[in-house]
Amino acid sequence: MNPRLRWKTRAFAAIVILSNALGNLSLTWGLRYGAGELTASPLTFLRAIFSPWVSLGICLLIAWLISRMFLLSWADLSYVLPVTAFGYVLTALLSRMFLGEQVTAARWAGTLLIMAGVILVGLGNPHTGDAA
Amino acid sequence: MKAWGLLAVIVASTVTADLLQSHEMKRHGEIQDFRPSGLRSVFRKLAGKRNLILAVACMAVSFFAFMALVQVADLSFAVPASAASLVIETVLARLVLKEHVDSRRWIGAALVAGGVWLLAL
């Protein structure tokens, strides 16, 4: 794999991870504080979508979606999925710090296991096609 | 119970969306031109692709279910628990997309899945 593609892959993986974790945090913050309760009525979803924090979360998640689509145009799904799973670790940290959630020992153990898996996969080549 | 039902919807729609998206983006090929004109051209080409439209619809279903889920469960549960789709997707990436998944990726994906299971306890 050439250095240009390696750096491009790492940069897009970082954008995918950050936009997803921060997007989920903003979305959850908005849904818990100010967007009102969601019911079966589509109107409650519409009202929530246009509240400020939920809107910001959606913008970040759109950035996540687009950057992930770009990444998938040259890197395998079986590489993209585990590597971007680092976002789960980041989300657990942000949930504890900003949402005051109780993250148990089992959840932290799971976090470390995910990190180990991410590092293992990250040591491999992100492209397994003909150009690899 | 409501949380697990919402989670099942999220996992099923995410798996479908990821497979459709990856299949269509691979058909398109690597994106190399990141100038505005190049990106406009990419979006024009991709906008009418049926698989991508279906993928976006599946992602919308997954997103609304996720919105409902974070109101009834912790975010530190909802996000990792939704990664239950990863194991299914790795298997399907091999079987449906015919990607080469080496032993290191299998082990890595298994560790991630084990971690997700622990996070969900």
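These numbers were taken from a predicted model, which means no experiment stands behind them. Sequence lines set the chain letters: A, B, ... in the order given, protein chains first and strands last, and positions in each chain run from 1.
By the criterion of side-chain heavy atoms lying less than 4.5 angstrom apart, applied directly or through intervening Ile, Leu, Val, Met, Phe, Trp or Tyr residues, Ile15(A) is not grouped with Trp7(A); the two fall into different hydrophobic clusters. Under a hydrophobic clustering in which Ile, Leu, Val, Met, Phe, Trp and Tyr are joined whenever their side-chain heavy atoms come within less than 4.5 Å, directly or via other members, Leu99(A) and Leu56(A) fall into the same cluster. In the hydrophobic cluster analysis, where Ile, Leu, Val, Met, Phe, Trp and Tyr join through side-chain heavy atoms closer than 4.5 angstrom, Val96(B) is grouped apart from Leu54(B). Residues Val61(B) and Val72(B) are members of separate hydrophobic clusters, defined by side-chain heavy-atom contacts under 4.5 angstrom among Ile, Leu, Val, Met, Phe, Trp and Tyr. Under the 4.5 Å side-chain heavy-atom criterion for grouping Ile, Leu, Val, Met, Phe, Trp and Tyr, Val101(B) is connected to Val91(B) within one hydrophobic cluster.
By the 4.5 Å heavy-atom criterion applied to side chains, Met67(B) and Ile49(A) are counted as neighbours.
Proximity to chain B (any heavy atom under 4.5 Å) is restricted, for Ile66(A), to the side chain, taken from C-beta onward. Heavy atoms of Leu93(A) lying under 4.5 Å from chain B are absent altogether. Looking at Phe98(A), neither its backbone nor its side chain comes within 4.5 Å of chain B, counting heavy atoms on both sides. Contacts between Leu52(B) and chain A at a heavy-atom distance below 4.5 Å involve the side chain alone, from C-beta outward.
Interatomic distance, OG1 of Thr28(A) versus CG of Leu75(B), reported as 4.0 Å (0.5 Å rounding). Separating the OG1 atom in Thr91(A) from the CG atom in Asp74(B) is a distance of 12.5 Å, to the nearest 0.5 Å.
Contacts between residues 12-25 of chain B and chain A, defined by a heavy-atom separation under 4.5 Å, are made by Asp18(B), Leu19(B), Gln21(B), Ser22(B), Met25(B).
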* Asked: Given Leu27(A) and Phe63(B), is the side chain to side chain contact (heavy atoms under 4.5 Å, CB included) satisfied, shown in steps?
  -> CA-CA 11 Å; Leu27(A) 185 79; Phe63(B) 178 71; 3.7 Å; yes

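More than 12 heavy atoms of other residues, nucleotides or ligands lie within 6.0 Å of CZ in Arg4(A), so this atom counts as buried by the packing criterion. Around the CH2 atom of Trp53(A), the shell of radius 6.0 Å holds no more than 12 heavy atoms that belong to other residues, nucleotides or ligands.
Without hydrogens or angle criteria, Glu101(A) side chain to Ser76(B) main chain gives a donor-acceptor distance under 3.5 Å.
For the set Ser95(A), Ala21(A), Ala105(A), the entry with the most heavy-atom pairs within less than 4.5 Å of chain B is Ser95(A).
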